[in-house]
Amino acid sequence: IRNLLSITMLAAVLSAFPAKSFAQAAAAPVSSYTVDELQDLVGPIALYPDDVLAVLLPAATYPLQIVAAQRFLGTNPGENDEPAEDWDPTVIAMLNYPEALALLSEDLEWTATLGDAVLAQENDVLEAIERFRDAAWLAGNLESNERQTVVRSAESIEILPVEPDVVYLPYYDPATVIVRQPRPVV
């Protein structure tokens, strides 16, 4: 059962949110994305820890709230002000990951596309993340270290923080992390 935790956990989190809340986030018609398009789309976040992805993927379905949350962090750093009550719980949870929130906020078109893909092709998005992780693993650029534990099974690759209360987000170039390098790029 632990072998399927990565995909199962993400799927469980995504399914825990009502379909109507995801539908409210979709402003434009959603098209179908190819395997290659999905791989490119998830590349910038595929190596994030599973706990972060479990919040980030559904939050991406609310791109305007993401921008508002980023502005909130900029105007209220470390203060006790409360975020807007009408924000989706996943967007509020993203306040705990300011670097990931900034990534989503900086490229709103990419975030909206990611959110559309999550809404229309949830399983395909999760499979694209697994394919990207597998490629990074095979290239020698995804391994356990002092900040993360990487658990590979036949079905999935799980990325967990070493310390449960401290989450590190990796910085990497999606185009090079899946290609074998003389030295690891992460």
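Quick caveat: nothing in here was measured; it's all calculated off a predicted structure. As a basis for the values below, the full set of heavy atoms in this structure was taken, side chains included, without hydrogen atoms, waters or symmetry mates.
Although no hydrogens or angles enter the test, the distance criterion places no donor-acceptor pair under 3.5 Å between the side chain of D50 and the main chain of E158. Of the possible donor and acceptor atoms, one in the side chain of Q148 sits under 3.5 Å from a partner among the backbone N and O of E143. No side-chain donor-acceptor contact under 3.5 Å links T149 to the backbone of V162. Not a single donor-acceptor pair under 3.5 Å links the side chain of D40 to the backbone N or O of E37. A donor-acceptor pair under 3.5 Å is absent between the side-chain atoms of E99 and the main chain of L169, judged by distance alone. The backbone N or O of S156 sits nowhere less than 3.5 Å from a side-chain atom of R133 that would complete a donor-acceptor pair. For R147 (side chain) and Y168 (main-chain N/O), no donor-acceptor pair under 3.5 Å exists by modelled atom type.
When side chains are defined from C-beta on, V167 does not count as touching D51, because their heavy atoms never get closer than 4.5 Å. Residues L101 and F72 have side chains not in contact (no heavy-atom distance under 4.5 Å, counting atoms from C-beta outward). By the 4.5 Å heavy-atom criterion applied to side chains, L57 and I45 are counted as neighbours. L142 places a side-chain heavy atom less than 4.5 Å from the side chain of I159. Between E82 and I92 the shortest side-chain heavy-atom distance does not fall below 4.5 Å.
The shortest non-hydrogen separation linking S105 to T111 is N-OG1, 4.5 Å. Here the closest non-hydrogen pair linking T61 and G115 is CG2-O, 3.5 Å. Of all the heavy atoms in F132 and Q39, the pair that sits closest is CA-NE2, 3.6 Å. Residue V166 comes nearest to P161 through the heavy atom pair O-CB, 3.4 Å, listed as atom of the first residue, atom of the second, then distance. Looking at every heavy atom in both residues, P170 comes nearest to P49 through CD-CD, 4.4 Å.
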Step-by-step side-chain contact (heavy atoms from CB on, under 4.5 Å) determination, N141 to I178: CA-CA 7 Å; N141 294 317; I178 58 174; over 6 Å; no
**Message:** Under the criterion side-chain contact (heavy atoms from CB on, under 4.5 Å), I'd like the reasoning laid out for T113 against Y33: C-alpha separation, chi angles, the key distance, then a yes or no.
**Reply:** CA-CA 10 Å; T113 303; Y33 300 99; 3.5 Å; yes
Item to complete: Take E127 and D124, measure what side-chain contact (heavy atoms from CB on, under 4.5 Å) needs, and give me the verdict at the end.
Response: CA-CA 5 Å; E127 288 173 12; D124 295 336; 4.1 Å; yes
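Here D88 contributes atom CG and Y62 contributes atom OH; the two are 4.0 Å apart, rounded to the nearest 0.5 Å. Here the CG-OH distance, from L53 to Y97, works out to 10.0 Å after rounding to the nearest 0.5 Å. Between atom CD of residue Q121 and atom CG of residue L126 there is a gap of 11.5 Å, rounded to the nearest 0.5 Å. Of the inter-residue distances, the one linking D36 atom CG with R131 atom CZ reads 8.5 Å to the nearest 0.5 angstrom. If you take CG on L104 and CE on M94, they are separated by 5.0 Å, rounding to the nearest 0.5 Å.
V67 and W87 fall into different hydrophobic clusters, where Ile, Leu, Val, Met, Phe, Trp and Tyr residues are linked whenever their side-chain heavy atoms come under 4.5 Å apart, directly or through other members. Linking ILVMFWY side-chain heavy atoms closer than 4.5 Å, directly or via other members, places V35 and V42 in two distinct hydrophobic clusters.
The aromatic rings of Y172 and Y48 sit perpendicular, their planes meeting at an angle over 60°, well past the 30° parallel limit.
Listed by chain and residue number, R152 satisfy the salt bridge (charged side-chain N to carboxylate O under 4.0 Å, His left out) test with D134 (two or more places apart in sequence, or in another chain).
Each of T90, L114, L103 was compared with L56 under the side-chain contact (heavy atoms from CB on, under 4.5 Å) criterion, and only L114 meets it.
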